[in-house]
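Everything on this sheet refers to the single structure shown next.
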Amino acid sequence: MKIELSIPDQIIQLRHRNSKTQEEVATELGMSRQSYALIEQGTRDISLEELRKLAAIFGVTLIDFFIQPTDTEKFAQMFLYIVDRMGSVPKTKLAKLLYLADFRNYYETLESMSGAKYICREYGPVANVFFELTDELFDQGKISITPKDRAQIITSNMRNAPTGLLSAEEKLRLDEITDLWKDKLTQEIVHYTHEQKPWRATRDGDYIPYELIIQEDPEHVFAPLT
């Protein structure tokens, strides 16, 4: 399962993520809104210099536009494994559990469990493929999303979600994290990730370097504070 995004699609996604209008981005680029709109439509070529300016506007690096998309099949298996384990889970809480799983795995093995890239957002770290994958799984009927209060509750519609890409050790790590956080409120896990060094050391909208978790207190890598 891969989420393929062209450069125009990436630009649109980044603009929405940064809550900017076409007019605002066009002004920062020094062009008309009409010319900028053609870039997003893919009918006007974009120069390397314009792409550099867009990278600065959105807080990413130039190379991010050219990195091939990560195969998200394992991330999807982690996603569904956690949902199955929890029974149902708020969307925001799920995003944070996936972050803790990947960064905890990196802390112990120097490798991410999924290979996903996590973005520093005001409401905490979130994988760059999380929202697209959630929409895709919902459209495929693999999950249900039910509004409750101000949250969106995710439930699996699959009896036997695939887990073949997850090792026995990885499943145990996912089990431990979900068991520790199962009865905690979403706001508690959001606050927890806000207090960690990776989120605190990264600017809003930038990718969070996995290496930063190595600097974290061993007691504050994935387990709730007692």
Using a 3.5 Å distance criterion without hydrogens, assess whether the side chain of [X] forms a donor-acceptor pair with backbone atoms of [Y].
X	Y	value
R85	K182	no
Q196	E216	no
K93	K184	yes
E23	R33	no
S47	E50	yes

Quiz item: Rounded to the nearest 0.5 Å, how far apart are CG of L94 and OG1 of T186?
Solution: 10.0 Å
Quiz item: After noting the C-alpha distance and the side-chain angles of R52 and E49, does the key distance pass the salt bridge (Lys or Arg N to Asp or Glu O under 4.0 Å) rule?
Solution: CA-CA 5 Å; R52 283 197 181 97; E49 184 57 34; 3.6 Å; yes
Quiz item: For Y118 and N128, does a side-chain donor sit closer than 3.5 Å to a side-chain acceptor?
Solution: no
Quiz prompt | Any side-chain donor near an acceptor of the partner, S156 and K142, under 3.5 Å | solution = no
Self-check item: Validation row: V190, L185 side chains within 4.5 angstrom (heavy atoms)
Solution: no
Quiz item: Among the clusters formed by ILVMFWY side chains lying less than 4.5 Å apart, do Y81 and L165 turn up in the same one?
Solution: no
Self-check item: Audit row: E40, R15, salt bridge (Lys or Arg N to Asp or Glu O under 4.0 Å) steps and yes/no
Solution: CA-CA 10 Å; E40 289 197 354; R15 179 171 63 77; 2.6 Å; yes
Quiz item: Between Y210 and F103, how do the two ring planes meet: parallel, tilted or perpendicular, split at 30° and 60°?
Solution: parallel
Exercise. Name the orientation class of the two ring planes belonging to H194 and W199 (parallel below 30°, tilted from 30 to 60°, perpendicular beyond 60°).
Key: parallel
Quiz prompt | Name of the residue among N105, T72, D102 meeting side chain to side chain donor-acceptor pair (under 3.5 Å) with S114 | solution = D102
Does [X] have more than 12 heavy atoms from other residues, nucleotides or ligands lying within 6.0 Å of its [atom1]?
X	atom1	answer
E122	CD	no
E219	CD	no
D217	CG	yes
E111	CD	no

Exercise. Give a yes or no on whether the ring-centroid distance for W181 and Y192 is below 6.0 angstrom.
Key: yes
